[in-house]
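What follows is one structure encoded as structure tokens, with my remarks underneath.
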Amino acid sequence: MNQGSQHLGMGARIGIGFILVLILMVALGATGLRYVAEANERLKNIAQNNNVKTELATQMHSALRERALSMHTLPILGDAFEKDLEIQHFNSQGIVYIEARERLGRMPLSPEEARILKYIRELTVEAHPKVQKVVEMSMFTDDQAKIFELIRSVAMPRQRAIADQVSALLDLQRQQTAAAVRAAENSYVGVRNLMLGLGSSALLIGIAIAGYVSRRVAGQALQLANQAMYDPLTGLANRSLLHDRIEREIERSRRSGVSFGVALMDLDRFKEVNDTLGHNVGDELLREVGRRLKHTIRAEDTVARLGGDEYVVVIHGLEPEGVPVIAEKVLAALDDPFHWQNQSIDLGASLGISLYPSQCADASGLIRCADIAMYVAKRSGKGYAVYAPDQVHTNRSDLSLKSELREAILSNQLCLYYQPQINHRSQRVVGLEALIRWHHPQRGFLGPDSFIPLAEEAGLIGPLTQWVLKTALKQLAVLRREGHALTMAVNLSARNLHDMSLPGSVEALLAECGVPPEHLTLEITESAVMSNPSDGLTILTALDRMGVTLSIDDFGTGYSSLAYLKRLPVDELKIDKSFVMDMEANDNDAVIVRSTIDLAHNLGLKVVAEGVESRDAWDTLSILGCDTSQGFFMGRPMPVDKLQTWLRDSTLSPILAGAIYAL
Ligand code: C2E
Ligand code: MG
Ligand code: MG
């Protein structure tokens with residue numbers, strides 16, 4: 001719609017631009033033509049007037065000549081009749097002269113012409129009686145010599161003076177005509193230059209408009225092509241360009257026999273980061289991942305983003321034996337932590353690879369196969385997996401798992417295992433953590449990692465948490481009635497901290513099961529707290545006011561600081577098992593465990609360690625002042641019946657003896 005209106009705008013602008021140029025050209029043409037017509041008209045007037053004036057002056061000139069001839073003829077004519085005829089001719093030429101002169105006097109004259117004509121008139125007035133006298137003498141006297149003498153000395157000089165002036169008039173008129181023609185020519189040249197100048201300006205404007213418009217159109221076309229082919233966030237190829245590139249690789253591979261691979265990468269913790277730190281940071285991370293991938297691969301390979309946190313790399317010339325090297329290289333691109341403000345963020349990824357030629361024959365098939373392999377990689381936690389045909393159902397199973405989960409909550413396929421938490425000082429069990437399991441009718445026994453993320457995606461985490469809370473609290477009530485003074489820890493998911501009804505329902509369940517609030521611990525991962533700081537804080541505050549114990553789970557794996565957590569109403573920290581398990585072998589982890597315990601105590605928080613798998617770990621934690629621990633060394637998560645045996649045994653002897661028994 002937007003692009004459509006842009007096109008319309010551009011079309012309209014082109015049209016308007018060219019109409020303007022056209023109008024300009026038409027206006028120019030009209031102005032130029034009018035100008036030339038005016039110049040023509042002026043020239044015509046000048047030419048016509050001058051022609052008439054020249055004609056009249058010429059008439060005067062020839063009349064003078066005729067009269068001079070008559071003057072010379074008269075004395076030599078003997079016959080009176082012939083003389084008479086000659087006199088008549090002489091007089092008629094005089095009339096011709098006078099008429100011509102008078103008509104000339106009425107014409108539009110230049111000042112110079114008027115002056116000359118006036119002078120001619122004066123000369124004529126002065127010459128007339130003298131010439132007349134000579135003519136009369138020729139009539140009555142036969143003394144030819146005297147008459148000719150008079151003609152030569154009196155009449156002719158005057159006649160000549162008049163003729164000279166008439167000639168001067170004719171010259172002037174010639175000059176005026178020439179000047180008028182020159183002026184007309186000049187004005188033609190002026191008009192021509194003006195027309196040429198304005199015409200070329202219009203042309204230039206036209207060319208400029210055309211250039212501007214075509215550049216804009218080309219720019220927009222490029223932009224549209226980019227939009228159609230590239231992911232706006234990262235600038236990487238998008239799904240449709242990816243399809244093109246894969247199809248091209250297939251063509252190339254068919255001709256040359258060189259195989260290639262399609263690697264689909266899914267970031268492991270992106271959703272969490274996005275929920276926790278916000279979309280802007282999430283977007284920046286996605287861009288950075290794109291940049292790193294581009295740096296990792298060769299120029300001839302393609303990196304595309306499918307959307308969300310999924311990337312695809314098309315690797316030219318990839319053979320099955322080359323997969324480990326490439327996969328490690330691509331995954332290594334994410335090894336360096338990402339930095340945001342002063343925090344460093346670790347993003348893992350899972351990579352699924354499909355190869356061509358194989359069972360995946362076309363672009364969509366290759367992407368689908370890589371997707372299936374990626375799920376296998378995610379499940380196995382091995383980082384990457386190559387597509388094998390028997391993985392076909394893995395991906396689809398997620399879909400069915402989601403719908404089956406809905407059913408499972410209602411039909412009691414879910415159950416809780418309980419892991420004991422032991423106090424270091426008393427060496428007695430003080431609490432239990434409820435950990436969910438799924439007895440799937442077909443797939444068997446499933447751990448929470450394989451379905452909790454699906455429950456979150458499917459929007460089922462609310463009912464699931466309700467079920468866990470209710471079951472765990474009922475169980476706790478039973479155990480407490482049996483005389484076990486225990487607390488019960490239940491895990492919350494990030495999504496639960498978006499649910500403002502949670503405190504109300506927790507309160508109702510506590511009341512329903514008859515459990516005092518301080519016997520319930522709710523565990524939230526540190527990233528979950530930060531995913532929704534305002535709602536999260538409201539919910540945690542309400543739970544805290546109720547008297548429920550709040551615990552930060554998996555502490556140390558996220559990016560929150562203790563200083564930040566201090567502002568939250570939490571009572572307890574659970575050090576992530578990865579630090580505890582490696583504590584003996586890895587000094588860094590030992591330092592983290594030690595300083596976490598110290599800092600937490602300084603902030604008035606209790607510390608729980610998870611993942612205690614050995615006596616050494618237990619002892620070290622005791623020395624470091626850890627309050628409570630849980631782990632396989634003391635007790636694995638177990639179903640209710642086993643738990644009851646375990647609890648009975650643990651009350652009989654201190655926990656460490658029991659732990660060895662449990663292992
Ligand atoms: P978590 O809350 O950190 O739970 C501790 C996990 O560490 C449990 O895994 C437990 O079996 C395991 N663990 C305990 N001691 C040891 C040990 O010594 N060594 C080793 N290697 N592991 C130990 P589990 O039961 O697979 O649970 C995994 C995660 O699933 C839990 O981590 C928790 O985040 C989540 N989860 C479990 N139940 C629920 C639930 O009801 N609701 C929600 N939202 N999440 C749950
Ligand atoms: Mg937990
Ligand atoms: Mg944990």
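Just so you know, ligand 1 is whichever comes first in the structure, and atom 1 is the first atom listed for that ligand.
Residue Gly631 has at least one heavy-atom neighbour below 4.0 Å for each of these atoms of ligand 1: 15 (N), 18 (O). Atom numbering of ligand 1 starts at 1 in the shown order; those under 4.0 Å from a heavy atom of Pro637 are 11 (O). Every atom of ligand 1 is numbered from 1 in the order shown, and the set under 4.0 Å from a heavy atom of Glu610 is 3 (O), 5 (C). Ligand 1 places these atoms under 4.0 Å from at least one heavy atom of Glu523: 2 (O). Less than 4.0 angstrom separates some heavy atom of Ser493 from each of these atoms of ligand 1: 44 (N). Atom numbering of ligand 1 starts at 1 in the shown order; those under 4.0 Å from a heavy atom of Val612 are 18 (O).
Inspection of the His424 and Asp627 side chains reveals no N or O donor paired with an N or O acceptor under 3.5 Å. Looking at Asp231 and Thr234, their side chains do bring a donor and an acceptor atom within 3.5 Å of each other. Side-chain contact of Asn412 with His439: a donor-acceptor pair under 3.5 Å is absent, judged by distance alone. A side-chain N or O of Lys574 and one of Gln630 form a donor-acceptor pair less than 3.5 Å apart. Between Gln466 and Ser505, the side chains place a donor N or O and an acceptor N or O closer than 3.5 Å (distance only, hydrogens not considered). Under 3.5 Å, the side chains of His440 and Glu404 contain a donor-acceptor pair of N or O atoms. Checked by atom type, the side-chain pair Glu610/Ser629 shows no donor-acceptor distance below 3.5 Å. Counted by atom type alone, Asp571 and Ser551 present zero donor-acceptor pairs between their side chains at under 3.5 Å. Between Thr465 and Asn496, the side chains place a donor N or O and an acceptor N or O closer than 3.5 Å (distance only, hydrogens not considered).
Neither the backbone nor the side chain of Lys574 has any atom closer than 4.0 Å to an atom of ligand 1 (non-hydrogen atoms only). Contacts between Asp449 and ligand 1 below 4.0 angstrom, taking non-hydrogen atoms only, involve the side chain exclusively.
When only interatomic distances are considered, the shortest N/O to N/O separation between Lys577 and ligand 1 falls below 3.5 Å. Any N or O atom pair closer than 3.5 Å counts here, and Val468 shares no such pair with ligand 1. Where the criterion is an N or O separation shorter than 3.5 Å, residue side chain and backbone included, Ile452 fails it with respect to ligand 1. Looking at Asn496 next to ligand 1, no N or O pair under 3.5 Å apart turns up.
Phe633 has its ring centre no less than 6.0 Å from the ring centre of Trp618.
For Gly447, the heavy-atom gap to ligand 1 stays at 4.0 angstrom or more. At least one heavy atom of Arg437 sits closer than 4.0 Å to an atom of ligand 1. Using a 4.0 Å heavy-atom cutoff, Arg636 is absent from the residues neighbouring ligand 1.
Protein heavy atoms are found less than 4.0 angstrom from atom 2 (O) of ligand 1. The protein reaches atom 42 (N) of ligand 1 closely, with a heavy atom under 4.0 angstrom from it.
Counting non-hydrogen atoms of neighbouring residues, nucleotides and ligands closer than 6.0 angstrom, the CZ atom of Arg239 reaches no more than 12 such neighbours. Summarising the local packing, CZ of Arg480 is surrounded by more than 12 heavy atoms from other residues, nucleotides or ligands at distances under 6.0 Å.
If you check each of Leu435, Leu414, Asp554 against atom 37 (C) of ligand 1, the one with the closest non-hydrogen atom is Leu435. Among Leu464, Asn491, Leu416, the residue whose heavy atom lies closest to atom 46 (C) of ligand 1 is Asn491.
The single protein non-hydrogen atom nearest to atom 36 (N) of ligand 1 is Pro448 CB, 3.9 Å, given as residue, atom name and distance. From the protein, the heavy atom lying nearest to atom 21 (N) of ligand 1 is Glu613 OE2, 3.0 Å. With respect to atom 18 (O) of ligand 1, the closest heavy atom belonging to the protein is Phe632 N, 2.8 Å. The closest protein non-hydrogen atom to atom 38 (N) of ligand 1 is Ile436 N, 3.1 Å. Nearest non-hydrogen protein atom to atom 15 (N) of ligand 1 is Gln419 NE2, 2.9 Å. At the shortest separation from atom 32 (O) of ligand 1 among protein heavy atoms lies Asp553 OD2, 4.6 Å.
Atom OE2 is the N, O or S atom of Glu433 at the shortest distance from the Mg ion (ligand 2). Shortest distance from the Mg ion (ligand 2) to Glu523 is reached at OE1 (N/O/S atoms only). Taking the Mg ion (ligand 2) as reference, Asp553 places its N/O/S atom OD2 nearest.
Using a 4.5 Å heavy-atom cutoff, the side chains of Tyr387 and Ile353 are not in contact.
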| task | Could you please spell out the steps behind the salt bridge (charged side-chain N to carboxylate O under 4.0 Å, His left out) verdict for Asp499 and Arg495? | result | CA-CA 7 Å; Asp499 178 10; Arg495 289 274 167 101; over 6 Å; no

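Checking Asp554 against the Mg ion (ligand 3), an N/O/S atom falls under the 2.8 Å cut-off. The Mg ion (ligand 2) does not have Ser551 among its coordinating residues (no N/O/S atom, backbone or side chain, under 2.8 Å).
Closest heavy-atom contact between Leu285 and Phe270: CB-CE1, 4.3 Å. Listed here is the closest heavy atom pair of Gly290 and Leu236: CA-CD1, 3.8 Å.
In this structure, Arg636 fails the cation-pi test against Tyr417, since its NZ or CZ atom is not both closer than 6.0 Å to the six-membered ring centre and inside 45 degrees of the ring normal.
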